Amino acid sequence: MGGLQKKKYERGSATNYITRNKARKKLQLSLADFRRLCILKGIYPHEPKHKKKVNKGSTAPRTFYLFKDIRFLLHEPIVRKFREYKVFVRKLRKAYGKAEWTGVERLRDNKPGYKLDHIIKERYPTFIDALRDIDDALSMCFLFSTFARTGKCHVQTITLCRRLTVEWMNYVVTSRSLRKVFLSIKGIYYQAEVLGQLITWLVPYQFAHDHPTDVDYRVMATFTEMYTTLFGFINFRLYQTLNLVYPPKLDSKAESELKAEHEEDYAMDSESYLEKLSALSASLARVVATAEEEENQLDLFPTEGEDQENMQAREKEQKEQEAQKRLFEGLKFFLNREVPRESLAFILRCFGAEVSWDKSLCIGGTYEVTDETITHQIVDRPDMDKQYINRYYIQPQWVFDSVNAQMRLPVEDYFLGTTLPPHLSPFVEEKDGDYVPPEKLKLMALQRGEKPEEEDDVDDEELTEEKNLKKMEGTRAQGKTLAVKVTPGKVKPWETGSVGNKVRLEQEEKAEEKRLAIMMMKKKEKYLYDKIMFGKKRTTREVNKLTAKRKAHEDASKAQKKQKKAKKQ
Amino acid sequence: MEEKDDEGESVCRLVQPEGLFMRVKKNSIPRVQISTPYSTRPEGDIRNTVGNIPMEWYQDYPHIGYNLDGKKIFKPIRNKDELDEFLDKMENPDYWRTVHDKTTASDIRLSDEQVDLVHRLQKGQFGDVNFNEYEPSVDFFTNEVMIHPVTNRPQDKRSFIPSLIEKEKVSKLVHAIKMGWIKPRKPKETTPQYYDLWAKEDPNAILGRHKMHVPAPKMRLPGHEESYNPPPEYLLTEEERMAWEQQDAEDRKLPFLPQKHSCLRAVPAFSRFIHERFERCLDLYLCPRQRKMRVNVNPEDLIPKLPKPKDLQPFPTTMSLVYIGHSSLVRSISASPTGQWLVSGSDDCTVRFWEVNTGRCMKTLEVGGAVKSVAWNPNPAVCLVAVESTVLLLNPGLGDRLVVSSTDQLITSYEPPEEDKEQAVTWALSEGPEHDNGHRLTLTHPKAVKQVVWHGKGDYLASVMPDNSSNLQVLIHQVSKRRTQNPFRKNKGLVQCVSFHPLRPYFFVATQRYVRVYNLIKQELTKKLMTNCKWISSMAIHPGGDNLICGSYDCRLAWFDLDLSTKPYKMLRHHKKALRGVAYHKHYPLFASGADDGSVIICHGMVYNDLLQNPLIVPVKVLKGHQITHDLGVLDVTFHPTQPWVFSSGADATIRLFT
């Protein structure tokens, strides 16, 4: 027996991981700075396989980072900037203490700052990577852009977020890449398809936030700092792909149109420009003036068999998408002041409609209510005094449902003051066995081009009642004439070995075979099998519950209707 | 009254400055500290000298402090209680202007001036009536230039010649600028500059890190229930809502309550919006990430592919006969080696003999005690039944005369040996009416016997008397010589059941958890089988002798391949409740197990002669028929010796034949 004695925890997984505190000490950073660095660099903790081994025998709960990650952080130039900032704060405090105001001013002028460009490039080496990860950035920026400018974060951040989101919305409008929208109780979900990536984001409703106290805004601000940088670069690149000028400029034609109106109402030119952009009513200026729309057709390749089928499917899909992009083309909308202007204008413009609103509501309205060519007016109030005959007055849900259905839905259900049909989530894709709400089934039938069945429940019921009455009368009449009636006897299936019986027997046999085979399963497999079956049963139970609930609801509403009718009579 | 007036004035003076800064709440009487300067102190003025202390300190004393002369100030004899207070309130017209002075424990009626003062303070006015707050202000220095200066000091020289120090400083700065030491301030960039960051995408930039990186999962997309106007079935009912509210936030299936709003206008802000974003942020930088392989298994694939039961016929499938006659649990059954007769022992103290084909009870014997076990002698030429309680050997006198007489001859041919040895049991020959009934031999055991078992040849008989504390648990009797021996010298645990090897001189003893295999000739332990069960209930040995099954009270059936290992070759957990009886068929590859859940499960258990091939075990039929009484179902199972039929006896006092 020779050789050096091996010491414990000096090789293997114990050296691959490092606890948070040790990492912090290694980097010589405060916890807040370490957290900031991790957020910016996208470093997250790891769960080691054998916690006790990594923890050197202790079972205390600790957060572990990969040692490699921490070593990677060591070379980060931003760490130096953090330290500089720390020194700056110290100097500033000192200057304040000594009441050296010129010194304070000088220090403030030379406040150290840092840029995150290299981090973005490093984290997302390709553009597609960045685009894939933009969901959270979008939601965060949209949230921050709705904050009031009252100290929860820097005003510059809020304006920057607003600017970036407006740019994004303008891009989506110009590229017509919006696919799905959903009005939830949290806010409005949008889904766009940008360069083949599905991007979903959530925008809160336009209300003042009541800021919770148990939220660390510094963490959110750090994330936003990173997201705005990422988002700006992505916007730049996206504008470039569409040949648009960045930062966005309005079309010269549109600009002149907008200028003609009440320019003097707005105080600052820079502010009003962002407002005009955010109005989304005008198109953007392009770097190279091109023809309005380029039809990018799929090139045809001679293909055979399956490829051809695939090709055809793809072609069909593309056609559908094109059709969806022109969903509202040729329609002229007017938004009443009570509807959420920005989201509706955004959606309608994405699908090629013309939109306007009252000029006192926002800058950028292009025509008045009195315009005779308006086809739809979006209204969200129970009644309107003055109505024009040649336009539809519809509720905002129509726009959302139509976008999701990829077709203009019949407007009758969405008229002023009517009870709206349920608003379904477009993100749910039902597999077989899942519950499908009847509205969705109806919608699918409509999409296939089937005529919706007229739902005349009341008439149906009347008819059946009449039938019943007739039957009863008939039987009565029969009873008078013939007291005894002979009906032909039926051969019971189980008496003779009929086909049904055989089938049933076979099924029973099969079921028993399965039962017996299940008995012979290994313990491990049985466990897995039971788990799967449990999950399946749970889903079916949920489906049954939903169906039963729906049925109960429909019965109740039917009874109510009947009662009302009876009252009327 | 005059004194009071005096006081009022003094109060004015004291309180006045306070009123300037303090806002007095309206409709609340301010605490007015009443004090007078010494000079104007009239006679009879009670003043407490204890100072500004909590007056509770004097709670336990009769006095409340000391006056200016150092005399004690005594508390009033009787404190006012609620009733006094109330009466005072009702009757005293000056109640509203009476103030209780804690320091002297007396009531003070406020004078008109004092009341007025209070009112003024309440309104936020100055305490002094005569104070004019809008007096014209008089500047200390006038704004008009006067002809005479205020001071007549001549100006300093330094006030009109340029400063040298400043000049030096300026020249220093100028020099520094010239030398390029000081640079003019750069205009600050407020807005970030963006450019095409990915202008040249470099494939080398994709490092190993990026391949190892686990991207954060996207947020879950909303379902129908999150809609502002969901279909009615997604809304929670009243009970569901209550349950939701009572659950912890982590346990909730939905993190929000589905709500229905009639129009978009009515939708409020979501109160937890910022929370949810924040939680997402926390998830992004605090959660460990891991790639989890999700098993996507078709459950049908997990079910083992077994040969169809149809192909493994024959095996019993239907219940064809029920033997009714017993009035209590039928503990044990045994079929005659010819398969014509069946014997059963029950708790109603009878042993019954049945004809198998007809279900007829041929004979009933009262044995005077609950019958725990019956066993038919496997020797076809002899017909002996060992019945337990005190072990009885019976000649049922059924069937072939020759057999009956040869049986009797076997019993009577015994010749007692010369020297009588002391034996553990006493052998007694039955006579008289008992002999007519069929009783032949009675073996009186010292303890209650639980099980009897015949050796395959039919001469030896083993009986089990479970007892945890002695070595006298198993006895082996030889009928022809009427001899009894105790094979074990040591107690190895509570014996559950025993069995003879069908071919070789081995003896199996099952204790609670183990089965021990003894070689009777060498008189040694050859094997100890670990059953992995908590408590063995029954045991059966394959007619080939190389396999063994054990039923246990913890719902398991263990199949041992004796050549393979001392651990079970297969554990079957078919039954839901405790197993009570197991049995092998003599010729067909079948075995059966009966349990408390009232079912008998027939399995195909093929044992191959080829040693390399493992036994094939396939459950082929679940037979149900017995009713569960007192939580007991099937108590014993046994196969017909020649046909693929199985008998089962149950706690419902019946015996059933499945064919």
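Quick note on labels: first sequence line is chain A, next is B, and so on, each numbered from 1. Nothing here was measured: the structure is a model prediction, and the numbers come from that model.
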Under 4.5 Å from a heavy atom of chain B, the part of Gln156(A) involved: neither
Interface moiety of Ser271(B) toward chain A, non-hydrogen atoms closer than 4.5 Å: neither
Spacing of OH belonging to Tyr44(A) relative to CG belonging to Asp283(B), to within rounding of 0.5 Å: 14.0 Å
Lys/Arg cation over aromatic Tyr285(B): Arg35(A), 6.0 Å, 45° cone: no
Heavy-atom proximity to chain B below 4.5 Å, by part of Phe223(A): side chain
Atom NZ of Lys68(A): over 12 foreign heavy atoms under 6.0 Å: no
Passing option when Glu233(B) is tested against Arg550(A), Lys545(A), His553(A), Lys549(A) for side chain to side chain donor-acceptor pair (under 3.5 Å): Arg550(A)
Parallel, tilted or perpendicular: rings of Phe233(A) and Trp198(B) (30°, 60°): perpendicular
Which atoms of Ile303(B) approach chain A - backbone, side chain, both or neither, heavy atom under 4.5 Å: both
Region of Pro230(B) that comes under 4.5 Å of a non-hydrogen atom in chain A: backbone
Which portion of Tyr195(B) sits near chain A, non-hydrogen atoms under 4.5 angstrom: both
Pairs involving residues 303-314 of chain B, ordered by first then second residue, that meet side chain to side chain donor-acceptor pair (under 3.5 Å) (sequence neighbours left out): Glu509(A)-Lys310(B)
For Asp434(A), all residues meeting side-chain hydrogen bond (donor to acceptor under 3.5 Å, both in side chains), sequence neighbours excluded: none
Per-residue contact mode, Lys522(A) against chain B (heavy atom under 4.5 angstrom): neither
Which atoms of Val219(A) approach chain B - backbone, side chain, both or neither, heavy atom under 4.5 Å: side chain
Chain B contact via Asn235(A) - which portion, at a heavy-atom distance below 4.5 Å: neither
Proximal component of Tyr227(A), with respect to chain B [non-hydrogen, under 4.5 Å]: side chain
Region of Cys603(B) in contact with chain A, defined by heavy-atom distances below 4.5 Å: neither
Side chain / backbone / both / neither for Glu430(A) at chain B, heavy atoms under 4.5 Å: side chain
Side chain, backbone, both or neither of Glu226(B) within contact of chain A (heavy atoms, under 4.5 Å): both
Structural part of Tyr205(A) lying under 4.5 Å from a heavy atom of chain B: side chain
